[in-house]
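Numbers restart at 1 for each chain; the letters A, B, ... are given by sequence-line order, proteins then strands. Given the structure is predicted, the values throughout are model-derived calculations rather than measurements.
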Amino acid sequence: MDQAANTGGRGLKEAGQSATLDPKSPFSVSGLTVAYDRKPVLWNASFTAPEGELTAIVGPNGAGKSTFLKGSLGLIPKLSGEVGVFGRPIDEARRDIAYVPQRSSVDWDFPATALDVVTMGLYRRIGWLRWPGRRDKERAHEMLALVGMEAFADRQIGQLSGGQQQRVFLARALAQDARVYLMDEPFAGVDAATERAIVDVLKKLLSEGKTVLVVHHDLETVPVYFSHVLFLNGGTVAAGPVADAFTAENLQKTYGGRLAATQLAALDEAAAMKG
Amino acid sequence: MSAEIFLQFDFPSILLGSLAALCCGLLGNFLVLRRQSLMGDAISHVVLPGIVLGFLITGTLDSLPMMLGAGFAALVSVGLIELVRRLGKVEPGAAMGVVFTSMFAAGVLLLEQTGASGVHIDVEHALYGNLESAIWLEAAAWGDLLRPEILATLPVSVLRLVVVNMAVIAFILAFYKELKLVSFDPLFADTLGISSKLVGTLLIVMVAVAAVAAFDAVGSILVIAMFICPAATARLLTDRLSTQLVLSGVVAFSSGIIGYVFAAFGPVWLGHDMSVSAAGMIAVVAGLIQVVAMVFAPRYGVIARRRMQRA
């Protein structure tokens, strides 16, 4: 199994690399294959993110959406695949990429304040052997204000609500001032105020010409918030502008029979927007 | 008790215990936050076979070969833990448990089989250390504490711990933000290009250095207690990492002082004529301080939480 995945991966790499990596795209992935304990989770996934657009990554549970982000960022080992950030390998383009992990990926009991966590977004810029200065803290305060959290700057992160924690993570990514934003389920389980704050941030990023990819669960809001969509289920199923790609056919292909009536309602909405 | 006797016999022991506690206690904060508390435990145990090997190879009780042997054993154990974790597909805690108990047992066997136990590295010393053996005969009066040329004659184990403590504090100050980031969110650190693996390895190396230096002085029991107790106590008292580090240092250092005083003089106060193991007492004091914090801590203590629930 492992062997097969390896050779298969290598074959893909030889066949498909660079040729499919668009040097102009802010974020392009080609032939990404990732396995956990020899079980492939993602097979030959490819995607070229359109610059300055907001892309939703959708797919059923276990489809490999988070794995797609983590694998392309090099956070988990991949069997094969190429990732380009404006044509450069990811390791040379760290400053251009900001990542918002799932809220559940860290221990919120950690002795840190909201401001501490946001300041972490600046650590790369501050550099080794140096401490954050007054200006870094001011910038972190500004980022907290952008997500409506300035009043909670000195609060220990464990005493924030889930939505507030999510906004802290968002502010940390904003502090990075990157060109590409990858967000893993920022809307998961948040309150209405946080949802609005996230949408405002997404609009702001778009107005600044940033490229944003968001792992998203709620199919109904895909046509409302996003301009592009990437369907994943163990690999790329379909991708494109919401107007063209967000179709019943693609949804069926991605979710199989698991599509609920409420989710199909989203299609009507999309159709209405198109019309 | 005269100043002379205190300075010559009690002072170096107190310093030894407190300094050993301090360097382990400070690093312990990051082990506890990274849920690697057992790592301190593991490393302090595997130091034993390393020290025995160092002795067997060189045939001397010089501290350098022993420390090298111990450092080497610590690194081997870190590699073995990773290996067992990957090949055995077990959780890190289980991997550490397997590796450090086997290596410690191997150390005990080596000691007994080779006759190394005839000299002063016996099992008891490995467990409880040798705090009381530190003496400073050059000291005669309080004024000597301010005289560099007399201070330089402090036992070599004390001086070594002074150096190790300075190295540990410098390490934490230099890499404070990286240690904080990597302990909180290692994946995010990697996306920034700040390698969580590199920072984690540096931390373990420092833990090994502190464990080796402290083990030689106070034995493995105190080393384990000091990696965990002060940090866990300090965590209950504050929500800021910087404050936690300072508090853990205070708790560790004062456990060293209070523990020694209790061990050396407590039994006499109670009418016995023998003193008890200082290293053991230091660990007990650290444990007691933790219990007090668990009950009375302002926000996380049992009493405060009861009161919050009622309100």
Side-chain angles (χ1 to χ4, degrees), chain A residues 37-38 66 69-70 72-76 90-103 105-117 119-133 136 154-159 168-169 172-173 175-176 178 180-182 184, chain B residues 28-30 32-37 85-90 170-199 202 231-248 297-300 305 308:
Chain A
D37 280 336
R38 299 180 181 190
S66 298
L69 293 189
K70 285 187 196 155
S72 51
L73 282 168
L75 302 180
I76 49 176
I90 187 104
D91 277 324
E92 291 168 25
R94 292 278 174 211
R95 60 159 303 138
D96 287 334
I97 300 249
Y99 171 58
V100 180
Q102 278 184 26
R103 189 159 48 84
S105 66
V106 301
D107 175 11
W108 292 92
D109 284 336
F110 195 88
T113 62
L115 191 75
D116 287 336
V117 173
T119 311
M120 288 177 186
L122 299 166
Y123 279 9
R124 185 192 163 82
R125 206 174 313 168
I126 294 167
W128 292 89
L129 302 179
R130 297 175 60 176
W131 285 47
D136 301 309
D154 292 326
R155 194 72 72 85
Q156 194 264 329
I157 50 175
Q159 288 153 33
V168 169
F169 261 8
R172 180 176 70 172
Q176 289 179 257
V180 182
Y181 285 77
L182 307 178
D184 200 345
Chain B
N29 286 288
F30 298 103
V32 170
L33 287 174
R34 288 161 56 86
R35 313 208 167 219
Q36 277 188 327
S37 309
R85 195 178 65 77
R86 286 211 187 140
L87 294 183
K89 297 219 185 298
V90 292
F171 168 74
I172 292 176
L173 288 176
F175 296 105
Y176 179 70
K177 75 178 191 305
E178 285 80 12
L179 286 165
K180 182 175 182 176
L181 173 64
V182 161
S183 304
F184 173 62
D185 195 346
L187 285 188
F188 182 77
D190 288 335
T191 67
L192 289 181
I194 296 172
S195 163
S196 59
K197 216 167 211 168
L198 174 66
V199 178
L202 283 177
T233 302
R235 178 67 193 90
L236 292 170
L237 302 176
T238 178
D239 275 331
R240 273 170 197 272
L241 182 56
S242 48
T243 315
Q244 181 183 325
L245 279 162
V246 173
L247 284 176
S248 69
R299 179 174 276 156
Y300 299 111
R305 273 191 290 186
M308 282 225 309

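Proximity to chain A is limited to the side chain of B:Phe175, based on heavy atoms less than 4.5 angstrom apart. Interface remark: B:Arg299 contributes side-chain atoms only to the contact with chain A (heavy atom separation under 4.5 Å). Heavy atoms of B:Val199 lying under 4.5 Å from chain A belong exclusively to its side chain. Contact of B:Tyr300 with chain A is made through the side chain alone, with heavy-atom distances under 4.5 Å. Residue contact with chain A, scored on non-hydrogen atoms closer than 4.5 Å, involves the backbone and the side chain of B:Ser183 alike.
Remark: B:Asp190 CG to A:Ile76 CD1 distance equals 12.0 Å, nearest 0.5 Å. How far CD of B:Glu178 is from CD1 of A:Ile126: 9.0 Å, rounded to the nearest 0.5 Å.
Across every non-hydrogen atom of A:Arg94 and B:Gly193, the tightest pair is CD-N, 3.9 Å. For the pair B:Arg35 and A:Asp107, the tightest heavy-atom approach, listed with the atom from each and the gap, is NH2-OD2, 2.5 Å. Heavy atoms only, all atoms of each residue included: A:Phe110 and B:Lys180 are closest at CZ-O, 3.6 Å. Residues A:Ile157 and B:Phe184 approach most closely at CD1-CE1, 3.5 Å, considering heavy atoms. B:Leu187 approaches A:Leu75 most closely through the heavy-atom pair O-CD2, 3.4 Å.
With a 6.0 Å radius and a threshold of 12 heavy atoms from other residues, nucleotides or ligands, A:Arg95 has its CZ atom at or below the threshold.
Looking at residues two or more places apart in sequence or on another chain, you find a ring-ring contact (aromatic ring centres under 6.0 Å, His included) between A:Phe169 and A:Trp108. With sequence neighbours left out, A:Arg124 forms a side chain to side chain donor-acceptor pair (under 3.5 Å) with no residue at all.
Within the 4.5 Å cutoff, the side chain of A:Gln176 has heavy atoms near those of the B:Leu192 side chain. Residues A:Gln156 and B:Thr238 form no side-chain contact, since every pair of their non-hydrogen atoms from C-beta on lies 4.5 Å or further apart.
In terms of modelled atom types and a separation under 3.5 Å, the side chain of A:Trp128 and the main chain of B:Ile194 share no donor-acceptor contact.
In terms of heavy-atom pairs under 4.5 Å with chain B, the best-connected choice from A:Leu182, A:Val117, A:Asp116 is A:Asp116. Among the candidates B:Asp185, B:Leu33, B:Asp239, the residue making the largest number of heavy-atom pairs closer than 4.5 Å to chain A is B:Asp239.
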